[in-house]
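The structure appears below as structure tokens.
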Amino acid sequence: MAKKRVVRHRIFDLTITLIIIVAVTTLRAVMMPAGDELMPNTDTPIGAILQNLQGSVPTLSALIWAVVLFFASMGAGSYGTQYSLYPAYTLMAIPIVAITAAAIMVSGEMLLSAAALVIMMLATKYIHRFVMRSDSFSDLSLAMLYYGLLPLVVAPTALLYAAMPLLVLIVRSSWRHWVVCTSSLAFPLLSVSYWSWCAGNGFLTPIDELYTSMLTPSEFSFFSTINPAGIILLGVLIVMSLCSITLIISDKYSLKVRSRAMMRFNALLLLTSVGMFFLPSATATLFAIVAMPAAMLIPLIFVRMGVSFTEMLYRLMLLAAAANMVLLSVM
């Protein structure tokens, strides 16, 4: 009973923290956007529709972003325990998602960012269920369909078309799994191409446009908006990620075989997502992409490293996030 009471209190504390982060970051981004947060994403087939729609309903778009951020954070927190990803019970993915997606920068195109975060959340759910539980081709296919849909919303994520078939080999090396992965990954883009062909355009026109959008400069400048508190926050998240990667590599017996494979996938997906910031079309929306793999990777340190060290990092992360909100508001 005492253990259950502690767990309930922990869930309550994390939920209150999440609500505060979601409310503060959303209000700050709406009322006092900073620097290149307002830089628009380059056009994509679905992204352009969402951009036009937000122009008609800006307030509703902000509300949708807040709701999506809350449920995506809660969902990420549940995946680790639901699929036994970590060697002990932890819900630390909840604040990690919210802080990574919204406490560093928030894109002014909140409706598009919300769509990207939903897609990443669903892809994360199904890839974890596939690896940790079901081994079902349907779960793998659904995960890859969502990953394949993402570039149609956010252009820099087209990098996943090249990276994802390689990442899947980490968790399943069977050629049948690889075929399911690549065909499902390509299906959304091929569907758009077929629609374009039916409309009288070239079959390869959407592919060419997506490639052009990925390499079109968005004029987003990360360093023109970041401030000292944001740099500290990024530093804490990087340290947490590196500590988790170190645990995966060095502590061979801390994780089950499936968990280790899944963690390797999350680590490489995080590196791939970070690499998207180096593409010309990068914008603040990418923080919503990075949030999910970071949140699935980082909680490992909270169950495998010393409490004093992890508590220090967690509190420093919250303080840096709060200071960053203040500094972004006065920029």
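Counting from 1, the numbers follow the sequence of the chain as shown.
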Checking N227 against N324 for the side-chain contact (heavy atoms from CB on, under 4.5 Å) test, could you report, in this order, the C-alpha distance in whole Å, the side-chain angles of both residues, the deciding distance, and whether it holds?
CA-CA 7 Å; N227 56 67; N324 190 45; 2.9 Å; yes

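- Within 6.0 Å of CZ on F137 lie more than 12 heavy atoms contributed by other residues, nucleotides or ligands.
- Considering all non-hydrogen atoms of both residues, L300 and P87 come closest at CD1-CD, 4.0 Å.
- Applying the 6.0 Å contact sphere to CZ of R315 captures no more than 12 heavy atoms from other residues, nucleotides or ligands.
- V171 and L166 are assigned to two separate hydrophobic clusters, defined by single-linkage of ILVMFWY side chains at heavy-atom distances under 4.5 Å.
- Residues I11 and Y314 share a hydrophobic cluster, clusters being chains of Ile/Leu/Val/Met/Phe/Trp/Tyr side chains in contact below 4.5 Å.
- At least one donor-acceptor pair closer than 3.5 Å links the side chain of R260 to the backbone N or O of I248.
- For the pair D135/R258, a side-chain contact is recorded, criterion being any heavy-atom separation below 4.5 Å from C-beta on.
- Between the CE atom of M317 and the CD1 atom of I298 there is a distance of 7.5 Å, given to the nearest 0.5 Å.
- Using modelled atom types, no side-chain atom of Y86 and backbone atom of T81 make a donor-acceptor pair closer than 3.5 Å.
- Distance OG1/T100 to CG/L237: 4.5 Å, rounded to 0.5 Å.
- Interatomic distance, CG of L117 versus CZ of F71, reported as 12.5 Å (0.5 Å rounding).
- In the model, T225 has no side-chain atom that pairs as donor or acceptor with a side-chain atom of D36 under 3.5 Å.
- Hydrophobic cluster membership is shared by L152 and L53, with clusters built from Ile, Leu, Val, Met, Phe, Trp and Tyr side chains linked at under 4.5 angstrom.
- Taking 4.5 Å as the limit, every side-chain heavy atom of L189 sits out of range of all side-chain heavy atoms of P151.
- A donor-acceptor distance shorter than 3.5 angstrom exists from the side chain of R133 to the backbone of Q82, with no hydrogens or angles considered.
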Run Y126 and L145 through side-chain contact (heavy atoms from CB on, under 4.5 Å) and show every step you take.
CA-CA 10 Å; Y126 286 111; L145 281 171; over 6 Å; no

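- T44 is not listed as a side-chain neighbour of V154, based on a closest heavy-atom distance of 4.5 Å or more.
- Between L91 and P299, the closest side-chain pair of non-hydrogen atoms is not below 4.5 Å.
- Taken together through direct or relayed side-chain contacts under 4.5 Å among Ile, Leu, Val, Met, Phe, Trp and Tyr, I238 and F309 form parts of separate hydrophobic clusters.
- Between F130 and H177, the ring-plane angle classifies as tilted under the 30° and 60° cut-offs.
- Put simply, the side chain of S107 never gets that close to the backbone of A284: no donor and acceptor are under 3.5 Å apart.
- Side chains of Q51 and L112 form a contact here, defined as non-hydrogen atoms less than 4.5 Å apart.
- With Q54 contributing its side chain and S61 its backbone, the two residues share no donor-acceptor pair below 3.5 Å.
- Annotation: side chain of L279 is in contact with side chain of M214 (closest heavy-atom distance under 4.5 Å).
- Defined by atom type and a distance below 3.5 Å, a donor-acceptor pair is missing between the side-chain atoms of T42 and S213.
- Under the side chain to side chain contact (heavy atoms under 4.5 Å, CB included) test applied with S273, the options I289, L160, L268 reduce to a single match, I289.
- Side-chain contact between L85 and Y79: absent, with no pair of heavy atoms (C-beta onward) separated by less than 4.5 Å.
- The neighbour count for E311 CD, taken as heavy atoms of other residues, nucleotides or ligands under 6.0 Å away, is above 12.
- Between the side chain of T17 and the backbone N or O of D13, at least one donor-acceptor pair lies under 3.5 Å.
- For E109 (side chain) and N41 (main-chain N/O), a donor-acceptor pair under 3.5 Å exists by modelled atom type.
- Outside the 6.0 Å centre-distance limit, the rings of F220 and F277 are not counted as a close aromatic pair.
- At least one donor-acceptor pair closer than 3.5 Å links the side chain of T25 to the backbone N or O of V22.
- Hydrophobic clustering places I21 together with I64 (ILVMFWY residues linked when any side-chain heavy atoms are closer than 4.5 Å, directly or through intermediates).
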Could you walk me through whether R176 and V179 satisfy the side-chain contact (heavy atoms from CB on, under 4.5 Å) test, starting with their C-alpha distance in whole Å, then the side-chain angles of each, then the deciding distance to 0.1 Å, before giving a yes or no?
CA-CA 5 Å; R176 283 183 288 185; V179 169; 5.7 Å; no

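- For the side chain to side chain contact (heavy atoms under 4.5 Å, CB included) with M240, the lone residue among I245, L297, L313, T310 that qualifies is L313.
- One finds the CG atom of L122 at 10.0 Å from the CG atom of L149 (value rounded to the nearest 0.5 Å).
- Counting all heavy atoms, side chain and backbone alike, V168 lies closest to F265 at N-CE1, 4.4 Å.
- The two residues G275 and L159 have their closest heavy-atom pair at C-CD2, 4.5 Å.
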Worked check of side-chain hydrogen bond (donor to acceptor under 3.5 Å, both in side chains) between S218 and S281:
CA-CA 5 Å; S218 65; S281 54; over 6 Å; no

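- When all heavy atoms are compared, the tightest approach of A282 to M276 is CB-O, 3.6 Å.
- Between L318 atom CG and I20 atom CD1 the span is 10.0 Å, to the nearest 0.5 Å.
- Crowding of F203 atom CZ: a count of heavy atoms from other residues, nucleotides or ligands under 6.0 Å exceeding 12.
- Annotation for M296 and A76: closest pair SD-O, 3.9 Å, computed over non-hydrogen atoms.
- Closest approach of M144 to C181, counting heavy atoms only: SD-SG, 3.5 Å.
- Taken to the nearest 0.5 Å, the CG atom of L185 stands 10.5 Å off from the OH atom of Y147.
- Proximity of P293 to M120: side-chain heavy atoms (C-beta onward) are separated by under 4.5 Å at one or more points.
- Through ILVMFWY side-chain contacts below 4.5 Å, I49 is grouped with nothing and stands alone.
- The only member of R129, K125, H128 that meets side-chain hydrogen bond (donor to acceptor under 3.5 Å, both in side chains) when paired with D139 is R129.
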Just do the side-chain contact (heavy atoms from CB on, under 4.5 Å) check on L69 and S73 with the steps written out, would you?
CA-CA 6 Å; L69 180 59; S73 301; 4.1 Å; yes

